[in-house]
Amino acid sequence: MNKIEELAKLICPNVTLTINDLEKKYPARNLPTDAKVTRFAPSPTGFLHTGSLFASFVASKFAHDSNGVFYLRIEDTDTKREVKGSIETVVKQLGLFDINIDEGYSIGGIYGPYIQSERSFIYDTVIYEMILKGLAYPCFCTQEELDKIREVQMANKERPGYYGKYAKCRNLTVEEAIEKIKNNVPYVVRFKSNGNFLNHIDFHDEIRGDLKLSENDLDIVIRKSDGLPTYHFAHACDDHFMHTNYVIRGEEWLPSAPIHVQLFNALNFELPHYAHLPVIMKNDNGNRRKLSKRLDPEASVTYFIEQGYPTSALLIYLCTIANSNYEEYRLANPDSKISDFKLSFDKFSLDGALFDLEKINNISKDVIFKTPINELVSSIKEWASSYDSKLLSLINTDKDMFAKIMSFGKNDPQPRKDYYKFAEIYDHICYMYKDTYDELACEELPYDETLISTSCKLFKNDLSLYKPNKDDWFNHQKEIARSIGFANNKKDMKENGFTYMFSEYMSIIRVALTKRKNAFDLVDIIDTIGIDEAIRRLNNFIK
RNA sequence: GGCCUAUUGGUGAAACGGUUUAACACAUCGCCCUCUCAAGGCGACAUUCACGGGUUCGAAUCCCGUAUAGGUCACCA
């Protein structure tokens with residue numbers, strides 16, 4: 001065994017395979033030529049970020065639009081930032097948003113393992129050969145030494161980083177390296193870059209087009225001292241052996257693309273296509289900044305789940321951010337599904353969109369209104385059982401009544417669109433139920449008591465004639481209200497000297513029946529609570 | 001600071017050198033409908049495309065500068 005082999009063996013003692021073996025173990029996928037293989041590769045550092053949902057949505061859509069494969073890979077190489085249980089949360093939340101995974105973590109597949117902490121045998125196999133070929137070397141610099149180098153570079157106004165003359169471990173002899181490792185000196189493995197920063201490489205991005213980027217000359221770390229790979233290296237190995245052909249990721253990766261290009265070239269791996277997605281932004285007092293988990297509740301997908309947004313509403317919104325022509329498509333094809341629309345790279349905006357909750361609310365209202373009543377009721381019930389116990393108890397007191405309330409105006413020529421999220425429902429409907437009505441505080445009316453009680457009595461006495469035909473009934477009410485001084489309309493009021501309008505009469509009755517100035521259609525309300533209950537409420541109110 | 005990317009109303013944006021006195025959608029504001037609310041209908045809302053130069057018969061569209069914003073420069077992804 002020569003010295004370089006000894007070094008390689010020391011760095012990767014458990015290697016039994018060669019890169020060639022790996023190529024055979026992970027053969028090319030048998031797919032049509034234009035099929036896209038994409039992936040979502042989250043780090044388990046918490047719940048699903050809205051930006052990650054966007055990236056995974058786009059990646060899965062491109063795969064599925066082309067009859068390709070969308071897989072899930074867990075990038076858990078940063079043990080310090082790992083949050084226990086977050087993998088399960090992310091997988092669950094992807095499922096809730098109908099992001100269908102074809103392969104990968106939690107499902108399996110022949111290109112596994114799909115979790116990076118279990119892929120060391122692959123990384124080490126590659127590193128072993130890189131050492132032999134002189135493409136990688138161990139670096140024993142301590143954090144302090146690296147900080148020192150940076151300081152010097154800053155002082156000299158030079159580019160910071162481990163390159164050129166600053167890459168001192170590059171020049172260590174094999175013997176020296178072996179010696180240090182045998183003495184248990186901690187070390188990382190670095191890629192030996194042959195790049196020149198002054199050179200430019202041509203880089204094609206599917207979204208951004210042709211770019212010229214500076215060549216990488218940094219000897220980046222590919223394996224950390226804990227033995228785990230860094231992102232850059234894992235990206236090259238994993239996306240190669242898993243045969244990803246479209247790498248769809250956030251814009252923040254664009255500056256490191258030259259590193260990836262160089263790595264793929266050095267390893268003789270075929271370069272995938274890249275698409276760098278614009279980052280979703282947030283307006284913060286007139287300034288744009290990244291949507292932040294810490295500052296913006298809507299940056300976490302959990303927010304939308306807890307508030308009871310239909311998941312498709314968020315997806316529709318994200319789809320319009322991705323390709324703004326989707327909005328027009330949806331207008332022209334109101335009954336289409338997202339899957340009917342094909343996303344295209346050249347329709348992407350290059351600038352990060354400002355996240356617009358108002359627009360989501362608008363979309364959501366429409367989605368909720370279009371959901372068939374049975375489906376709606378059962379998803380509201382399911383949501384309420386986790387997030388809204390007050391609403392759940394209303395539903396449970398009378399399920400049919402709840403379904404009836406939720407379908408108010410649904411079949412009218414001008415249908416109602418009352419809610420954009422389930423968390424709004426309780427407050428809209430609570431007065432419909434006897435017990436909650438009794439506990440409710442009553443809104444004030446700007447009329448004297450005599451007028452109020454006269455109106456209520458008149459209305460109550462007339463209730464026996466109640467017929468649930470809206471037009472007839474309201475016309476009839478107009479007549480009787482007029483008899484105690486409420487004009488039919490503005491014209492009537494002016495011409496005949498009335499002080500009050502019919503709408504004011506109705507608002508007195510409305511408050512009596514619901515304790516609210518704003519409520520549903522009165523006919524619907526009486527129809528639902530029943531005449532007896534209506535009379536009871538009126539009597540209580542008159543008192 | 002270096003490198004990269006972007007810049008059309010409050011927001012998402014269309015526009016691919018002339019049919020643009022800038023589409024569509026959200027928001028906002030009016031009016032209409034109306035038992036209130038919601039919904040719906042109608043209308044208003046950029047004379048101008050960050051700014052300054054150029055090219056052209058003609059520029060939001062092409063070129064060059066400037067400004068501004070964002071990303072990135074880790075043993076984090």
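Note on naming: letters A, B, ... go to the chains in the order of the sequence lines (proteins, then strands), and numbering restarts at 1 for each one.
The residue A:C319 sits apart from the nucleic acid: no heavy atom pair falls under 4.0 Å. Within 4.0 Å (heavy atoms only), A:A519 reaches at least one base atom of the nucleic acid. Note on A:Y231: a base of the nucleic acid sits closer than 4.0 angstrom, heavy atoms only. Contacts of A:R249 with the nucleic acid, taken as non-hydrogen atoms under 4.0 Å apart, are absent. Backbone-only contact: A:L211 has heavy atoms under 4.0 Å from sugar-phosphate atoms and none from a base. A:R516 comes within 4.0 angstrom of no nucleic acid atom, judged by non-hydrogen atoms across all strands. The residue A:F520 sits close to a base: some heavy atom pair falls under 4.0 Å. In this structure, A:K157 reaches neither bases nor backbone, as no heavy-atom distance under 4.0 Å exists between it and the strands shown. At a threshold of 4.0 angstrom between heavy atoms, the contacts of A:K347 are confined to the sugar-phosphate backbone, with no base atom among them.
In this structure A:A519 satisfies the side-chain contact (heavy atoms from CB on, under 4.5 Å) test together with A:Y431, A:R510, A:T514, A:I525, sequence neighbours excluded. Considering only residues two or more places apart in sequence or on other chains, A:T436 meets the side-chain contact (heavy atoms from CB on, under 4.5 Å) condition with A:L394, A:Y426, A:C430, A:Y433. Judged as a salt bridge (charged side-chain N to carboxylate O under 4.0 Å, His left out), and not counting sequence neighbours, the contacts of A:E298 are A:K282. Contacts of A:K515 classified as salt bridge (charged side-chain N to carboxylate O under 4.0 Å, His left out), with partners at least two apart in sequence or in another chain: none. For A:K417, the salt bridge (charged side-chain N to carboxylate O under 4.0 Å, His left out) partners are A:D366, not counting sequence neighbours. Listed by chain and number, the residues in a salt bridge (charged side-chain N to carboxylate O under 4.0 Å, His left out) with A:E145 are A:K168 (sequence neighbours excluded). Residues satisfying the side chain to side chain donor-acceptor pair (under 3.5 Å) criterion with A:D335, sequence neighbours excluded, are absent altogether.
With C1' as the reference atom, B:U7 and B:U48 are 15 Å apart, rounded to whole Å. The same atom, C1', is picked in B:U72 and in B:A27; the two are 34 Å apart, to the nearest Å. When the P atom is compared between B:C75 and B:G17, the two are found 47 Å apart, to the nearest whole Å. Atom name C1', nucleotides B:C32 and B:C26: the rounded distance is 22 Å, in whole Å. On the P atoms, B:U61 is 13 Å away from B:G52, given to the nearest whole Å. With both ends at atom C1', the span from B:A14 to B:A25 equals 11 Å, rounded to whole Å. A gap of 14 Å separates the C1' atoms of B:C16 and B:U8, to the nearest Å. Here, B:U5 and B:G9 have their C1' atoms 24 Å apart, quoted to the whole Å.
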Would you sort out whether A:Q116 and A:Y123 count as a side-chain contact (heavy atoms from CB on, under 4.5 Å), showing the intermediate values?
-> CA-CA 9 Å; A:Q116 288 179 333; A:Y123 308 128; 3.2 Å; yes
Mind running ring pair (Phe, Tyr, Trp, His ring centres under 6.0 Å) on A:H273 and A:F345 for me, showing each step along the way?
-> CA-CA 12 Å; A:H273 297 268; A:F345 284 121; 8.8 Å; no
Evaluation steps, side-chain contact (heavy atoms from CB on, under 4.5 Å), between A:N461 and A:F459 = CA-CA 6 Å; A:N461 293 336; A:F459 185 84; over 6 Å; no
Should A:Y309 and A:F422 be marked as a ring pair (Phe, Tyr, Trp, His ring centres under 6.0 Å) after you check the CA-CA gap, both sets of side-chain angles, and the distance that decides it?
-> CA-CA 6 Å; A:Y309 279 85; A:F422 298 164; 9.0 Å; no
Pairs under 3.5 Å (Watson-Crick or G-U), crossing ones as [ ], inter-strand ones as |: RNA chain B comes out as (((((((..(((.....[.....))).(((((.......))))).....(((((..]....))))))))))))....
Protein heavy-atom contacts under 4.0 Å, written 5' to 3' over nucleotides 22-29 of chain B as B (base), S (sugar-phosphate only) or - (none), form the string -BSBSS--
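As a whole-Å value, the separation of A:D351 CG from B:A6 C1' is 5 Å. The separation between A:F369 atom CZ and B:A38 atom P is 17 Å, rounded to whole Å. A straight line from NZ of A:K212 to C1' of B:G2 spans 20 Å, rounded to a whole angstrom.
Ring geometry for A:F304 versus A:F355: interplanar angle over 60°, hence perpendicular rather than tilted (30 to 60°).
Note on A:K517: every side-chain N or O is 4.0 Å or more away from OP1 and OP2 of B:C35. One finds a side-chain N or O of A:K365 lying less than 4.0 angstrom from the OP1 or OP2 phosphate oxygen of B:A39. Contact annotation: A:T77 does not reach the phosphate of B:C76 (side-chain N/O to OP1 or OP2, under 4.0 Å). Of the side-chain N and O atoms in A:S349, one or more sit less than 4.0 angstrom from OP1 or OP2 of B:A13.
Along RNA chain B, the nucleotide nearest A:H232 and the nucleotide nearest A:L354 are compared for position; the residue whose nucleotide lies closer to the 5' end is A:L354. RNA chain B is contacted by both A:S256 and A:D418; A:D418 maps to the nucleotide lying nearer its 5′ end (nearest heavy atom per residue).
Between A:R416 and A:D521 no salt bridge is recorded (no basic side-chain N to carboxylate O distance below 4.0 Å). A salt bridge does not link A:K192 with A:D219: every distance from a Lys NZ or Arg NE/NH1/NH2 to an Asp or Glu carboxylate oxygen is 4.0 Å or more. Between A:E327 and A:K359, at least one side-chain N (NZ, or NE/NH1/NH2) sits under 4.0 Å from a carboxylate O, which counts as a salt bridge.
Near RNA chain B, meaning a heavy atom under 4.0 Å from it, residues 217-226 of chain A has A:V221, A:K224, A:S225 in order of number.
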Please write out each protein N/O paired with an N/O of nucleotides 64-71 of chain B under 3.5 Å, distance rounded to 0.1 Å.
from, atom 1, to, atom 2, distance (Å)
B:G70, OP1, A:R288, O, 2.9

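Side-chain to base pairing of A:R416 with B:C37: one donor and one acceptor N or O lie within less than 3.5 Å of each other.
For B:G41, the glycosidic angle deviates from 0 by more than 90°, giving an anti base.
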Name each donor-acceptor pair under 3.5 Å that joins a side chain in residues 77-84 of chain A to protein atoms two or more places apart or in another chain, with its distance.
from, atom 1, to, atom 2, distance (Å)
A:D78, OD1, A:K80, N, 3.3
A:D78, OD2, A:R81, NE, 3.1

